Amino acid sequence: MNEATPDAARGLQAPLQYLKGVGPQRAKLLSRLGLETIEDALFFVPSRHEDRSRLTPFRELAEGIAQSCAGTVARINAPPRGNPRVPLSVTFRDGTGYLTAVWFNQPYLADKFEKASERKQTVFLFGRTARFRNGPLQMQHPDYEVVEEDEDETLHTGRLVPIYRLTEGLPQRWLRSLLWRVLDEHAPRVAESLPEALRRRRRLSALSDAVRAIHFPQTEEEFATARRRLVFDDFFLFELGLAIRRQREGRQRGIAMAPAGELGQRLRQGLAFRLTAAQERVWEEIRRDLAAPHPMSRLLQGDVGSGKTVVAALAVLTAVEAGYQAAVMAPTEILAEQHLLTLRQWLPPLGVPVELLTSAIKGRERYVLLEGVKSGDIPCLVGTHALIQEGVEFRRLGLVVVDEQHRFGVAQRARLREKGDNPHVLVMTATPIPRTLALTLYGDLDVSVINEMPPGRQPVVTVARPEGQRAQIYAFLRQQTTEGRQVYVVCPLVEESEAMDLKAATEMADRLQDEVFTDLKVGLLHGRLSFAEKEAVMRAFKEGQIHVLVSTTVIEVGIDVPNASVMLVEHAERFGLSQLHQLRGRVGRGPWKSYCILLESGGLSDEARRRLEAMTQTNDGFRIAEVDLELRGPGDFFGIRQSGLPEFRVADLLRDGRVLEEARQDAFALVAADPDLQRPEHRALRQALLARWRGKLDLASVG
Ligand code: ADP
Ligand code: MG
């Protein structure tokens with residue numbers, strides 16, 4: 001194994017600028033790619049490799065697939081000056097035939113190929129071929145690279161050649177040569193961070209080997225092996241941080257709550273339904289956590305309508321019966337109000353008052369409320385972020401329930417804990433999260449999943465329809481109301497403004513009332529209404545006095561009217577995928593066949609098209625979440641970027657789930673055996689961990 005000295009490590013921090021052939025100009029370009037130091041360069045993973053040992057002869061190019069090939073320039077057709085509609089077209093020749101490549105809006109490329117033509121240089125092309133109007137095969141906007149005669153052939157041709165992400169002014173070949181030199185000199189000095197035993201057990205290559213082979217592999221297998229090692233590192237260091245954090249919390253003293261469970265029993269007796277087996281199972285998991293003398297950190301996952309609220313209510317009652325207060329926190333006022341309504345149905349009859357606190361509650365009312373919380377007279381407080389603001393003091397906060405947690409950061413969770421004496425935390429999410437993402441975002445939480453719907457639920461029939469079918473859709477809505485059902489019509493965010501939102505919804509409601517459903521009652525719900533007004537509208541809808549409820553997106557979460565059978569979404573293309581799935585979850589709650597109609601207006605982007613397709617193809621929330629993750633990428637999905645977690649160099653949450661599981665197992669086992677990474681064989685690992693998490697992990701006792 002390579003023994004890295006601190007000197008060598010410092011060497012890797014040396015700036016690239018002073019390497020031969022770099023200089024201040026190119027250094028600036030490199031830093032645009034995030035490359036400042038030798039180490040940055042070593043870990044600058046190619047975006048792909050091109051197999052230039054196996055080029056496809058022009059004559060054998062197949063239609064429609066991406067292929068590598070190479071030839072010399074035979075003819076250049078430059079577009080007439082100033083006409084962007086005509087592309088630059090260059091025809092290449094190899095021993096077998098000709099291939100034409102076209103580039104739009106890049107007339108300056110003509111000079112480049114002119115030069116290559118004069119010097120008879122080889123041009124490598126990589127791209128997808130297509131045929132236009134029965135003409136010969138063409139490539140549009142292929143990647144290209146001109147290889148100089150005098151250049152090191154073994155680097156740029158005849159092998160698996162790395163292709164890097166570039167920035168304007170930085171040539172591919174130059175960067176590749178630079179990285180080759182950097183690797184040659186410095187890769188052997190990369191210190192091994194993983195314990196020998198772990199590496200052997202998981203058959204992971206040495207880090208220095210992996211770094212070299214991720215750039216310049218001899219074979220595909222060598223590349224795969226290198227990649228696996230680096231992916232493992234990404235996940236392992238990440239999970240190690242979570243495991244340490246977790247270990248600390250677990251060691252903390254918490255409140256053991258093990259009351260007789262009388263309140264919970266009485267709640268169950270009053271319910272119109274019995275808990276599903278899945279609800280019983282997760283409740284048992286939560287009950288056990290609450291009874292233990294350590295703070296619970298548990299994520300309760302379940303698709304829309306799977307019945308998380310009643311489980312949360314059982315937890316609240318357990319805390320109350322044990323003599324503690326419970327806080328239930330939601331990301332929006334409307335959702336907080338929904339929880340209030342639900343909990344008010346269930347808890348006050350058992351002698352447990354529930355109050356609401358939002359930032360809209362002010363003055364005397366707020367003062368009285370805060371006093372009640374402080375004195376302990378209010379056992380259950382529901383609210384928004386306002387709950388964790390300054391000035392809210394609990395007497396004995398024992399449980400915090402956080403709904404729709406992905407909008408709460410890790411830091412907010414920590415702040416919640418400080419509000420009490422290490423209260424138990426139950427995080428609920430109605431947005432199903434792919435397992436890989438759950439392990440990263442919530443890797444320091446235990447996870448319970450309600451994987452079963454209450455009986456009698458039917459999958460919602462989902463269709464996408466163009467604007468032109470509006471009349472037929474209205475006829476269908478009418479038919480549904482004739483059968484006694486009710487209908488939602490949701491209007492999208494028009495601009496980033498609530499006022500515009502409101503206008504669109506108001507106009508829609510007026511039009512439906514005055515022109516379409518003149519004999520029915522059309523209601524309107526939006527975020528500008530007061531709590532009392534919203535409650536009145538929702539009650540009227542629930543009681544069947546409103547047949548068609550027009551709404552802004554405020555109904556996305558929480559509303560529960562089993563008699564509603566149609567969800568019509570206006571401008572469905574403007575909604576995010578998980579939002580659409582949430583909206584769909586508002587129907588299909590009763591015994592009737594239910595429908596979600598996605599009305600699309602105007603030209604759809606590819607992404608919008610895929611969102612609507614996903615909706616019409618599946619009702620499965622987990623599948624929806626996976627597509628959402630694919631479309632948006634993990635950085636954006638739930639805002640990992642802002643979450644204060646380290647980013648991955650190589651690992652891809654979509655592809656590398658298996659490795660993540662392995663890394664997680666190993667990380668948690670390692671921390672269980674050596675909680676502060678004090679053993680000598682873990683010294684290098686501790687260093688790597690601190691470097692990776694920088695200040696993001698409070699590892700004072702580890703450092
Ligand atoms: P979510 O998990 O989306 O928060 P809710 O807790 O709002 O779901 O539950 C959705 C609806 O299902 C509510 O009307 C709730 O009362 C009802 N419900 C919950 N559990 C059951 C059950 N076991 N059987 C029948 N209905 C149930
Ligand atoms: Mg809910």
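Position 1 is the first residue of the sequence; numbering continues from there. Just so it is clear, the model here is predicted, and its values are computed rather than measured. What you see below is based on every heavy atom in this structure, not just the backbone, and it leaves out hydrogens, waters and symmetry mates. Counting starts at 1 for both ligands and their atoms, in listed order.
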Any Lys/Arg nitrogen of Arg611 or Glu607 sitting under 4.0 Å from an Asp/Glu carboxylate oxygen of the other? yes

Counting only heavy atoms, which portion of Met428 has something under 4.0 Å from ligand 1: side chain, backbone, both, or neither? neither

Cation over ring, Arg539 on Phe541, under 6.0 Å and within 45°? no

Do Gln279 and ligand 1 have an N or O pair less than 3.5 Å apart? yes

Residues His571, Glu573; criterion side chain to side chain donor-acceptor pair (under 3.5 Å); working and verdict: CA-CA 5 Å; His571 286 284; Glu573 73 280 359; 3.2 Å; yes

Kindly say whether the aromatic ring centers of Tyr324 and Phe394 come within a distance under 6.0 Å. no

Once side-chain hydrogen bond (donor to acceptor under 3.5 Å, both in side chains) is applied, what residue pairs with a partner in residues 270-282 remain, sequence neighbours excluded? Arg268-Glu280, Thr276-Gln279, Arg281-Asn451

Side chain or backbone, does Val310 bring an N or O within less than 3.5 Å of an N or O on ligand 1? no

Residues Ser448 and Glu285: side-chain donor-acceptor under 3.5 angstrom: yes

Of all heavy-atom pairs between Leu612 and Leu598, which one has the smallest distance, and what is that distance? CD2-CD1, 4.0 Å

At a 4.0 Å threshold, what atoms of ligand 1 neighbour a non-hydrogen atom of Arg589? 10 (C), 11 (C)

Atoms of ligand 1 less than 4.0 Å from Thr276 heavy atoms? 23 (N)

Given Leu271, Thr342, Thr309, which has its nearest heavy atom closest to atom 7 (O) of ligand 1? Thr309

Is there a heavy atom in Gly302 that sits closer than 4.0 Å to ligand 1? no

What atoms in ligand 1 come closer than 4.0 Å to a heavy atom of Leu275? 23 (N)

What atoms of ligand 1 come within less than 4.0 Å of a heavy atom belonging to Arg274? 22 (C), 23 (N), 24 (N)

